[in-house]
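Below you'll find the structure, written out as structure tokens, and then a few comments.
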Amino acid sequence: DAGVIQSPRHEVTEMGQEVTLRCKPISGHNSLFWYRQTMMRGLELLIYFNNNVPIDDSGMPEDRFSAKMPNASFSTLKIQPSEPRDSAVYFCASSLFERGGYTFGSGTRLTVV
Amino acid sequence: QQPVQSPQAVILREGEDAVINCSSSKALYSVHWYRQKHGEAPVFLMILLKGGEQKGHDKISASFNEKKQQSSLYLTASQLSYSGTYFCGTENETSGSRLTFGEGTQLTVNP
């Protein structure tokens, strides 16, 4: 299995631009999670999906952030407009069942200048 | 509610043992342990679900106390490859699948 696949690995963008992060979970995993990691705040859950349905988006910082999971094999996290404080590593993770161990993707390092 | 990890950092010589603790003020549904090396993604180590549970593989094991409020990760006869940041992630009865991670414990194993 190729694991959880995220793209791009690195993204540098200017403030105000739209950014889209992509994630392909492990086939057969029915839970998908988006986390953000920074030195100051550690690993923060942004949103999670179970069977493609958003269950908890209380961690999404504000309306500039949105996430979708149109099917079991693809999810996106969009930031529009981006701000310098959004700079972080964004991880996608999936798990086989709702309360199982997570497999993390390699992450997307986002820099907003 | 974020679990509290201790210590924040530990430095060992190869072959020494370490214990990392993770505690919560409320009873938990489960505790996960992950290791993250610099510049890489966190990697799942194990999950504990039952009060009083102990489990492990190789020389890394963990326990979950009877009240399900504290977990400890034990690293025995440490190897250079054990270096990294260890995170516990916790779920409570009402959090669903949502894991809340501790701040992490940075472990450095020197030759």
Side-chain angles (χ1 to χ4, degrees), chain A residues 1-7 9-10 21 23-26 29-60 67 69 88-109, chain B residues 1-9 20 22 24 27-50 53 55-57 60-62 64 68 71 73 84-106:
Chain A
D1 199 323
V4 176
I5 300 173
Q6 289 188 247
S7 64
R9 288 295 308 272
H10 302 273
L21 311 182
C23 175
K24 176 178 169 55
I26 291 174
H29 281 196
N30 61 15
S31 293
L32 182 139
F33 310 84
W34 283 100
Y35 278 84
R36 176 171 69 176
Q37 186 174 37
T38 60
M39 287 294 292
M40 291 297 294
R41 300 174 70 91
L43 274 163
E44 302 175 275
L45 177 68
L46 300 176
I47 185 170
Y48 85 88
F49 297 84
N50 194 44
N51 294 319
N52 313 336
V53 176
I55 303 299
D56 184 351
D57 65 355
S58 59
M60 297 286 261
M69 192 165 186
V89 179
Y90 290 79
F91 287 106
C92 172
S94 68
S95 68
L96 181 59
F97 49 92
E98 194 164 359
R99 279 176 145 161
Y102 294 4
T103 301
F104 281 82
S106 299
T108 295
R109 181 174 293 277
Chain B
Q1 186 175 14
Q2 186 177 36
V4 177
Q5 278 188 244
S6 63
Q8 287 186 318
I20 300 170
C22 175
S24 170
L28 300 168
Y29 177 83
S30 72
V31 176
H32 297 217
W33 286 98
Y34 293 80
R35 175 171 63 209
Q36 185 178 29
K37 293 184 179 286
H38 183 69
E40 299 181 7
V43 174
F44 174 70
L45 296 176
M46 65 189 82
I47 181 173
L48 298 105
L49 293 167
K50 300 177 183 176
E53 183 177 7
K55 65 167 43 173
H57 48 84
I60 300 177
S61 61
F64 199 9
K68 300 181 72 174
S71 178
L73 184 71
T85 301
Y86 289 78
F87 293 95
C88 67
T90 59
E91 297 175 277
N92 58 45
E93 293 291 341
T94 59
S95 65
S97 297
R98 140 181 225 123
L99 269 188
T100 301
F101 285 93
E103 292 186 347
T105 296
Q106 189 170 348

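Just so we're on the same page: letters track the sequence lines, and every chain starts at 1.
Contacts between A:Q37 and chain B at a heavy-atom distance below 4.5 Å involve the side chain alone, from C-beta outward. Contact of B:Q36 with chain A is made through the side chain alone, with heavy-atom distances under 4.5 Å. Only the backbone of B:E40 has a heavy atom closer than 4.5 Å to any heavy atom of chain A.
Counting non-hydrogen atoms of other residues, nucleotides and ligands closer than 6.0 Å to NZ of B:K55 gives a total above 12. The local environment of CD in B:Q106 is sparse, with at most 12 non-hydrogen atoms from other residues, nucleotides or ligands closer than 6.0 Å.
At a threshold of 4.5 Å between non-hydrogen side-chain atoms, the residues B:Y34 and A:L43 do not count as touching. Residues A:Y35 and B:P42 fail the side-chain proximity criterion, which asks for heavy atoms closer than 4.5 Å. Residues B:L99 and A:Y102 meet the side-chain proximity criterion, which asks for heavy atoms closer than 4.5 Å.
One finds the CD atom of B:E103 at 11.5 Å from the CZ atom of A:R41 (value rounded to the nearest 0.5 Å). Rounding to the nearest 0.5 angstrom, the gap separating the NE2 atom in B:H32 from the OG atom in A:S95 is 8.0 Å.
The minimum heavy-atom distance between B:A41 and A:F104, with the atom names listed, is CB-CB, 3.8 Å.
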